[in-house]
Amino acid sequence: MVAVLPLQDNRLADFEPLFKAYYEELDCEDDAQETLDGYVMPDIMAGMIFVDLIYEDDVPCGFAIRQTDDIDNDWCWREGWGDIREMYIAPGFRRRGLGRFLLYTAEMKLREAGATQAYCLPVPEAEGFFAACGYAKTDQYDTDTECYVFEKLDLCNHECGCAK
């Protein structure tokens, strides 16, 4: 059985090793534990970002970090847009639909928070995944992350009464 659950205190022990594996796979220069302690956890506690964990048969296999951009947030590229900040599926669980399920869950939660559009900055190896999930590559390139911006212009499920 597959379940997507919000990060809570009782799931921190599942999230931390996944985050560290993610950072190791990205070959980040920053220390993963310092990033968790100094940036990620304080932003979670402040309600600026949200983390969802995906489990398969009670085994933690990935996470998504999302936010709705707000001018009061240090990372605000597009006010009011949903931002898929980070997304990771452990290698042994890839190519089984878990990433798509996790992404669509994150998009649904962004929609519930009021976002009608979303963007992400995927590493080149993940660009095909996001394109397959309806994100379009833009010509905007972020030199800090060395990634292109991908955007999805319609998160609305049209049950909201919008004009579309």
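For clarity, every value in this text was computed on a predicted model and none was experimentally measured. Start at 1 with the first residue, then count along the sequence.
Atom CD of Gln8 is surrounded by more than 12 heavy atoms from other residues, nucleotides or ligands within 6.0 Å. When the shell of 6.0 Å around OH of Tyr39 is examined, it contains 12 or fewer heavy atoms from other residues, nucleotides or ligands. Atom CG of Asp58 is surrounded by 12 or fewer heavy atoms from other residues, nucleotides or ligands within 6.0 Å.
A distance-only check finds a donor-acceptor pair linking the side chain of Asp31 to the backbone of Gln33 [under 3.5 Å]. Listed for the Arg100 side chain is no donor-acceptor partner under 3.5 Å among the backbone atoms of Arg96. Side chain of Lys20 to main chain of Phe15: no donor-acceptor pair is present (N/O by atom type, distance under 3.5 Å, no hydrogens or angles).
The side-chain heavy atoms of Glu16 and Leu36, taken from C-beta on, include a pair separated by under 4.5 Å. Using a 4.5 Å cut-off on side-chain heavy atoms (C-beta onward), Lys152 and Phe130 make no contact. Using a 4.5 Å heavy-atom cutoff, the side chains of Leu98 and Cys61 are in contact. Within the 4.5 Å cutoff, the side chain of Tyr23 has heavy atoms near those of the Thr35 side chain. Proximity of Ile44 to Val51: side-chain heavy atoms (C-beta onward) are separated by under 4.5 Å at one or more points. Within the 4.5 Å cutoff, side-chain heavy atoms of Leu7 are placed close to those of Leu53.
Rounding to the nearest 0.5 Å places CD of Gln117 at 7.5 Å from CD of Glu151. Atom OH of Tyr141 and atom CG of Asp144 lie 10.0 Å apart (nearest 0.5 Å). A distance of 12.0 Å separates CD of Gln140 from SG of Cys147, quoted to the nearest 0.5 Å. Atom CD of Glu112 is separated from atom CD of Glu107 by 12.5 Å, given to the nearest 0.5 angstrom.
The minimum heavy-atom distance between Ala64 and Ala106, with the atom names listed, is CB-CB, 4.5 Å. Closest non-hydrogen pair, Tyr88 versus Leu102, comes out as O-CD2, 4.4 Å. Minimum heavy-atom separation, Pro91 to Glu25: CG-OE1, 3.9 Å. Looking at every heavy atom in both residues, Asp52 comes nearest to Pro6 through OD1-CA, 3.6 Å. Pairing each heavy atom of Cys120 with each of Tyr135, the nearest pair is SG-CD2, 4.0 Å.
Under the 4.5 Å side-chain heavy-atom criterion for grouping Ile, Leu, Val, Met, Phe, Trp and Tyr, Met48 is not connected to Phe50 through any hydrophobic cluster. At a threshold of 4.5 Å between side-chain heavy atoms, the hydrophobic network of Ile, Leu, Val, Met, Phe, Trp and Tyr places Met108 and Ile89 in two separate groups.
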For Leu121 and Tyr148: C-alpha separation, side-chain torsions, deciding distance, then whether side-chain contact (heavy atoms from CB on, under 4.5 Å) applies. CA-CA 6 Å; Leu121 286 85; Tyr148 281 94; over 6 Å; no
Using side-chain contact (heavy atoms from CB on, under 4.5 Å), reason through Trp81 and Thr68 one step at a time and then give a plain yes or no. CA-CA 6 Å; Trp81 282 54; Thr68 301; over 6 Å; no
- Task: Run the numbers on Leu5 and Arg11 for side-chain contact (heavy atoms from CB on, under 4.5 Å), then give the verdict.
- Result: CA-CA 9 Å; Leu5 303 170; Arg11 295 189 193 99; 3.5 Å; yes
task: Dump the intermediate steps for salt bridge (Lys or Arg N to Asp or Glu O under 4.0 Å) on Glu125 and Arg94, then the final yes or no.
output: CA-CA 13 Å; Glu125 297 81 13; Arg94 292 179 185 164; over 6 Å; no
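Checked against Tyr119 for a side-chain contact (heavy atoms from CB on, under 4.5 Å), the options Thr138, Leu153, Val149 give a single hit: Val149. No option in Met41, Arg85, Arg66 other than Arg85 meets the side-chain contact (heavy atoms from CB on, under 4.5 Å) test with Ile49. For the pairing with Leu110, the side-chain contact (heavy atoms from CB on, under 4.5 Å) check across Leu155, Thr105, Asp83 returns one residue only, Leu155.
Listed by chain and number, the residues in a ring pair (Phe, Tyr, Trp, His ring centres under 6.0 Å) with Phe93 amount to none (sequence neighbours excluded).
With no hydrogens or angles considered, a side-chain donor-acceptor pair links Tyr55 and Asp14 at under 3.5 Å.
In this structure, Lys137 fails the cation-pi test against Phe150, since its NZ or CZ atom is not both closer than 6.0 Å to the six-membered ring centre and inside 45 degrees of the ring normal.
Two rings, from Phe63 and Tyr22, have their centers less than 6.0 Å apart.
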